[in-house]
Each structure stands twice: as C-alpha cells, then as structure tokens.
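Comments concern the structure below.
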Amino acid sequence: MNPFSSGTRLRDMIRAIRACKTAAEERAVVRKECAAIRASINENDQDYSHRNLAKLMFIHMLGYPTHFGQMECLKLIATPGFPEKRIGYLGLMLLLDERQEVLMLVTNSLKQDLNHTNQYIVGLALCALGNICSAEMARDLAPEVERLLQFRDPNIRKKAALCSIRIIKKVPDLAENFVNPATALLREKHHGVLITGVQLCTELCKINTEALEHIKKKCTESMVRALKDLANSPYSPEYDIAGITDPFLQIRLLRLLRVLGEGDGDASDSMNDILAQVATKTESNKVAGNAILYECVQTIMNIEDNGGLRVLAINILGRFLLNRDNNIRYVALNMLMQAVTVDAQAVQRHRATILECVKDSDASIRKRALELVYVLVNETNVKPLTKELVDYLEVSDQDFKGDLTVKICSIVSKFSPEKIWYIDQMLKVLSEAGNFVKDEVCHALIAVISNASELHGYTVRAVYKAFRMSTEQETLVRVALWCIGEYGDLLVNNVGVLDIEDPIIVTESDALDVVEIAIKHHASDLTTKAMALVALLKLSSRFPSCSERIREIIIQHKGNLALELQQRSIEFNSIIAKHQNIRSTLVERMPVLDESSFIGRRTGSLPDGASTPPRPSVSLPNGVAKPVAPLLDLLDLSSDDAPAPSSSGGDLLHDLLGVDVSLPSQQSGTHQSSNSGTDVLLDLLSIGSPSAPTQSPSAQNNSSMIDILSPNTSKKASHSPLDDLSSLSLSSRGTSNGGAVSMMDSLDGFAPSPPAENNGPVYPSVTAYESSFLKLIFNFSKQPGNSQTTNIQATFMNLSSDVCTDFVFQAAVPKFLQLHLEPASSNTLPAGGNGSIMQNMRVTNSQYGKKSLVMRIRIAFKINGKDTLEEGQINNFPRDI
C-alpha cells in the first residue's frame, strides 16, 4: 500500500515519522501525508475519512497546521454511525476551539445528538459541548443540558453536570435555571454524580448570590451529613485510595462547605464538628490524607471564627512543616502566611520549625520561610529570632545571602529595643554580608551612631575590630572609615569603655593603618577611597603627631586618574600644609544627624534609637487642636479630603506624603542635615518651603546661587485614592541664633518680613493649640482684593518653667491649600510665658467659600536636653477665611 495514500493506517504514518532522523525529513513526511489527506477530502472518499481525521489529529499534536480538516470533523459528526461520530467529536474538540466561526455549523448536530436515543451518542455530544461551548451555543443548548441533568443513566447526569459548569461560566444569567437540578444531584448515592453535583453547586454559589443563599439554606446540613458518612465509612474497595474513602469527593465537599460557611456564622457552627473530626481522624502518612487535611485547613481558616478549630488547623500546618515532601512544606508555609494575620500567637508556637525551614536546601522553601519569619517578628522575640538569622547568615549560600541580609536589616531597624543592640547586630551583618547591604541601610547605621553619643567609643572600637577581621566587605569598610575619622581619638584613648567590652589597645599608627589599608585595597571603589581621604584629613587634626605620615598618604593621589580623588588630594594636602590655623575647625565632628531621615521606624515612633520618649500630658480647651499620638495621623484631617495614610515604616513624613521630603531639625543653633539625597546647603540651612517667593533682582541675576539655594523644595505627594487630597504642601522653617540663616535669607529673598499691613476685615484671635508645655495663638488678616489668601501670625508661648530650645514648627495642609511658612523669630522659647516666638505664614485657599482651612501641625523642641514632639490638628479657623 502506498505509505502516503488515504488508506494508510495511523500506525504506519507514525512509524514513518519516527523513522525520520532530521526535522527536515519529518516535515517532508508530514507534507506528503497532508497532501494525500487533502486529495482524499477533495475526492469525498467516505471509506477512509475517519482514518484521515485520526492522522490529522496526530499531525496537529506535532504542531503542524491542520485547518483544512475542520469541515471533515463536521461531516463525520453528521453521520449516523457511532464510530464516525466518536472520531468526529474527538477531532472537533482537538482541532477547533470556541473562537472558530465554523463552530456555528455544528450547533444543530449537537442539538440532535443531545436528544438522541443512544446514550453513548448523548455522552459524546455532552463531552464536546463541555469542552468547546461558546456563549451563543450555551444559550441555544442550555435547555437540553438542563433536561439531561435528570436523565436515567448516572454517566449522562455526571457529564451533564460538568457541561452545565461550562455553560454558567459562559453565560452567568443562565445560572438560576440550574439551581434546582443541581441541588437534586446532591441527594445522589452514585459518587460520580455526587462529586459533579457538588462541583456544579460550588460554581453556582460563586456566580450567583441568590443561588448561594438557596443552596446554603437547603443543602448545608446534607453536605455535612455526606462528609460525615465519608469520614466514618468502612472500607469500600470501589472508592478506597490509600485507606481513605473517596478523597476526591471529600475535597469537593470541603470546598463547598468553605463557600457556604464564609461570612455566615450559623452555617459555620453547623460544620464545626465535622471539620474537627476530619482534621483529627484523617491519616497524614499518605498524599490523599494530606490533600484532605490541606482543604480542611483552608475551610477552617475561611469560615467564621472558631478559635479552637483555627489552633487545630495551624497545628496541622506545623506537622506539614516536618514532612519530607518539599511540596507539602511549601504549601504549609503559604498557608501559615495567611494564618498569621488571623492568629499570630498560634503560629508563633511553630517558630522553631519555621526557622529550620529557613535553612532548608530548597531555595523556594528558604525564601518562603524567611518571609514568614519576617512577619512573625515583634518586640518580644526580635532578639532570639535575629540571633538565629544572623548565625545562619554566616553559613548560608551566596545566592540566599542577599534576601537574608535585607530581611535582617529591616527587622533590626524596625524592632531594635536599644541602640547598642542595633549597632552590634548591624556590625555582624556588615561583617558577614556587607556587600549585600544597601547604601540607605549604611546611612541609617551612621545616623544611629551619630545620635548615640554615649556609645561613640564603644562603636569605634567595635568597628575597628570588625575591620581587622574582614576587609572584603565594602560597606563595613565605609562605616569603619567614617567612625575612625569622626571618633579616632576616642579609639586611641579608650574613652567610654563599657563593662561588656574586652580590653583593646590601639595606637595612632594602628588607626592610620586601617585607613591606609582601605585606600590601597584593590577592591575599594571611588566612594570608599574618597571617604578614606576625608578620614585622613580629620585624623590629621586628631593625631597631630602623625600629620606628616597622613600628608604622605594623601599626596600619593594628587596624580590619580579619578578627578574626584585628585582634587581631594590636592586640597587636603594644602589644608594640612598651609592652613593649620583653620584645620581643626574644618574637621570638627559632624553635628548629630536626623535619624528619622535615614532609618525606618514603626508607625508613630520617634527616632530615638527605637525608643519613644513619653509624651507630655495635654489639657484641651474647647475648639483647640487635639494632639495625636502618631505622626502618621498628620494627614487624617477628618474630612473628605484626607488620604489614606501610608503603612510603610520608613521616614515618617516620607510615608505620609509618598515623596522624598526632608524634615530639618536644629542642634545647638545649627541646623542638622536631613535626607541624604538633598543638597547639603539645603540640609544645613533649612531653607525649604513649598512655594518660592518673589526673588530680589540681585538674587535673580545670580542664577547659580539660585540653583544652589533655591527654596522650592516641596513636592507633590504621590497618587492618592481621594481626588481632593492627592497631594499635600509641607512647610518647615526655622532660624538659629547665628548669622548663617539670616545671610542666606537675605541672599535668597527670604528675610523675615514684618507682619503684613492689615487693611482688610478684622478677625478674632484663635487659640489654635494648647498643651501643658505650649500655647499657640493665631492672628488673621487679609489684603484688600485677595479673599483667597490669608496672612496668619503664629505666636508661641512657653507654659512650662523650663526654657525650650531648638524650637521647630512644621505644618501640613491638603491639596486645595497652598502654605508658605516664613522663618521664626527665634529658636529659643523663654520659660513661664516671659517671652514668645513669632512666625508668619500665608495660606491660599483655592476652594475659598466651599471648603474651610484645616491644618496639621508638628512642633519639636528640647526641654532640659530632652527631645519633645507635639502634634495636633487645627480645625477651628474662622469660617469666612
């Protein structure tokens, strides 16, 4: 027989294709077979049409085009014989899908076959309809399928139920027609019909609310009873799998109970007993038993609250974590991630097992377990959990160290109970995986060290010892260079030695050796070498006897190809050689950095080494702003314009506004630096404001000075779900007693202006805020012809018996308001109301007459050297401003 004739059997064609040694030979065989099949189709050869279609299906599975055989499927379906129909329907399901227009031609044949007297032909039509049914076909053939749900043969009822699922998914409006027939299937004894009926009811509940209520009312008890019968049934060889009776039906029943019990307390109570029975009696040694337990746990976690059942479910997941199968352990970790939001205490009991999963050889399990450990950390367990993670960091794979380092740094920053512990843990991380630590984490550590004045000596000694142990971690080297440059004299003189420290003797030469090693190390990048040069310059003042050696090290880079290093080398050499009279002033210790600009804190906490100072007690008169606990409430303006506050743990105002906004603060008359990405002069001089005032002609002529000292530093907040408050204006101004700010104000047109001349209406003064420490009074005025703009003069009075220093006032307003805040008259507030601080602001209301002014304020100051922060909301502005 010709191997490429229409009469060739399928097995012969398969042998010919398998005999091909190259893809080209295979394509040649397929082309010849397709040509023979097309010729047979054109000749209308009915004897071999079913054989040709079988070969076409195999060719289709090989990936070759077979669209020319689609009409042949329809011809075979239209024939009266069962063998031809079987091949025709098989080809229809394989070669066509619901997007083919030719499918419209088969609808009539399907309708006839659904009403056929031969139940096997009816079954073929149901299978085809359940696989390729389109929305149009569903509407046309739904009555026939609904009728077949009550057919005498269970196999037909089973196939009709599966086909009904496809129909209601394609046309949800038809769901109500299948509710009564579907509930009737739940009374079946035949497991095949019952499992398809349960599946159909589950889909109906998800699609149609009325169907859910009807099935919940009629079938909850029967489903509980059916599951109980299965769980307690004796051995049945027909349905037994690994000693468990029909686990597939049990799983389907549990899924339906989950849908019925979600949000319904009565339905949940009725299924509590059977769920507890399934959870305790099901064997967990086999895959079938674990599958049932997994579905049972999901059902328990989704129905209404039952504390005992949920603890039982979490204990099952804990047993899953001890299983040898990686898939089961991964599933358990996923479920525990959901359970921790419901009952964190029960999950905490399995903390040791979860930590062991972090050390698993499977990468997916390690990452998932690490995410779960991160969620489990709180103030009470942060120390033991961090110790376990840091210990594992020493032996973990390089591929996993990055993720592990990020989580450890986040945990330590978020929950550190004390600064010394924070510094110790961060130095351990830097020593083991410093190359994986991000720059912002390094900056946060430096900020914490800067604020911990009593730990400067301890820290510089710890960093020195860490550096001597490891010089390959770039981030550790940078932190060591910064600390030795700032506190090298404390290192040499053993200042501030704590009881927990081991004695160490470091000479000036030893300290210089560290810097020299860092600057000459082959792996050090440009930033590290630049920091080393700065450290050398600072040490030249702290170690006068080593100035010549320092100068020799610095001068070696005067011909460096990197312009940055070359410039620093020449300038620093000049300072050491020619400007010794100003060197000590230039290299004095940096002012204390603002931790809140660098390190993420928990919502509402103050940036004081993860500890929050007590807030002052507050007495509130009527209509006065109410101080609030967390700064995160700063934007909760109790109006339609308030956006949802951010829940992230970064910089507080960064979280609030969704933008990179620095909050300047003051230390002993000098403004501190804030966000590392902001210009240094802006940080030092705190000249940011939300809108730039008109500049003087001299400032306009100095374009470069304007670029450097531009006061326009506020930014719009990121997108918010609420239209009226999608962005905010944040303003903060302050002055020191020195002349730097005054000089910059005069340069940039920001000199404090006298109170605006009030020619408009007179408004009563308002006590905007009052606490046990402070009292804030607002005086209002308007300029004639400009009703939208209001001039506000804020007067701050100290009600306590102690002087308030480092006074900073900040305010935030909604999007429809624009706020310009001018410098305060002073940063020191006398005690006992003997003096006051005046600060002018200007508010422009774009919704004047429609919306009233509203403002959130934040006031920071020091009393007896202790940082104090007060916050409040002002909503008692006069209505006509």
Side-chain angles (χ1 to χ4, degrees), residues 418-428 430-431 442 445-471 475-521 528 531-554 572-573 575-577 579-593 595 609 667-668 670 672 865:
E418 52 194 0
K419 288 183 178 180
I420 188 172
W421 183 84
Y422 172 88
I423 294 170
D424 287 340
Q425 302 309 311
M426 291 303 300
L427 290 181
K428 289 179 182 178
L430 292 178
S431 300
C442 176
L445 173 60
I446 290 176
V448 172
I449 294 173
S450 171
N451 279 265
S453 57
E454 70 282 1
L455 298 176
H456 286 168
Y458 170 80
T459 303
V460 71
R461 286 186 290 274
V463 170
Y464 175 81
K465 288 185 284 188
F467 179 88
R468 302 298 293 183
M469 297 294 294
S470 173
T471 59
T475 308
L476 173 63
V477 173
R478 292 180 185 179
V479 173
L481 290 173
W482 188 90
C483 291
I484 292 174
E486 291 296 320
Y487 314 118
D489 52 335
L490 305 182
L491 172 65
V492 172
N493 298 324
N494 272 332
V495 177
V497 178
L498 303 181
D499 296 337
I500 61 175
E501 287 187 76
D502 295 328
I504 181 175
I505 298 176
V506 181
T507 64
E508 295 179 354
S509 179
D510 293 336
L512 288 178
D513 288 343
V514 169
V515 184
E516 189 171 8
I517 291 172
I519 203 171
K520 292 183 177 180
H521 195 272
T528 303
M531 292 181 66
L533 289 175
V534 175
L536 287 171
L537 177 64
K538 293 197 172 189
L539 291 178
S540 67
S541 176
R542 290 148 174 69
F543 305 156
S545 61
C546 299
S547 294
E548 190 58 33
R549 179 187 172 188
I550 293 173
R551 185 166 171 268
E552 290 176 358
I553 300 173
I554 290 176
F572 294 173
N573 179 57
I575 291 173
I576 295 174
H579 302 286
Q580 297 182 3
N581 56 331
I582 65 170
R583 183 175 60 184
S584 59
T585 305
L586 286 174
V587 299
E588 64 183 7
R589 288 198 179 98
M590 289 184 64
V592 177
L593 301 175
E595 273 185 74
Q667 177 74 15
S668 302
T670 304
Q672 298 175 8

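Predicted model, so just to flag it, every value in this text is computed and none were measured. No hydrogens, no waters, no symmetry mates; every other heavy atom, side chains included, goes into these values. Here, residue 1 is the first one in the sequence, and each next residue gets the next number.
- Within the 4.5 Å cutoff, side-chain heavy atoms of L533 are placed close to those of F572.
- Put simply, the side chain of I500 reaches to within 4.5 Å of the side chain of I420, judged on heavy atoms.
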Expected list for residues 583-590: side-chain donor-acceptor pairs under 3.5 angstrom, two or more places apart:
unit_1: R589; atom_1: NE; unit_2: E486; atom_2: O; d: 2.9
unit_1: R589; atom_1: NH2; unit_2: D489; atom_2: OD1; d: 2.6
unit_1: R589; atom_1: NH2; unit_2: D489; atom_2: OD2; d: 2.8

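- Within 6.0 Å of atom CD1 in I505, 12 or fewer heavy atoms from other residues, nucleotides or ligands are found, so the atom counts as exposed in its surroundings.
- For E516, the salt bridge (charged side-chain N to carboxylate O under 4.0 Å, His left out) partners two or more places apart in sequence, or in a different chain, are K520, R549.
- Annotation for I554 and L537: closest pair CD1-N, 4.3 Å, computed over non-hydrogen atoms.
- Sequence neighbours left out, the pairs with a member in residues 483-514 that pass ring-ring contact (aromatic ring centres under 6.0 Å, His included) are H456-Y487, W482-Y487.
- Looking at residues two or more places apart in sequence or on another chain, you find a side chain to side chain contact (heavy atoms under 4.5 Å, CB included) between A466 and S431, L476.
- Remark: side-chain polar atoms of S541 are not paired, donor with acceptor, to backbone N or O of K538 under 3.5 angstrom.
- The CD1 atom of I550 sits 10.5 Å away from atom CZ of R542, with the distance rounded to the nearest 0.5 Å.
- The distance from atom CD1 of I449 to atom CG of L455, rounded to the nearest 0.5 Å, is 9.5 Å.
- In terms of the side-chain hydrogen bond (donor to acceptor under 3.5 Å, both in side chains) criterion, residue partners of Y458 (sequence neighbours excluded) are, by chain and number, D424.
- In this view, E552 satisfies the salt bridge (charged side-chain N to carboxylate O under 4.0 Å, His left out) rule with no residue, not counting sequence neighbours.
- Minimum interatomic distance between V495 and R461 (heavy atoms only, all atoms of both residues): O-NH1, 2.9 Å.
- The two residues L593 and N451 make their nearest non-hydrogen contact at O-ND2, 2.7 Å.
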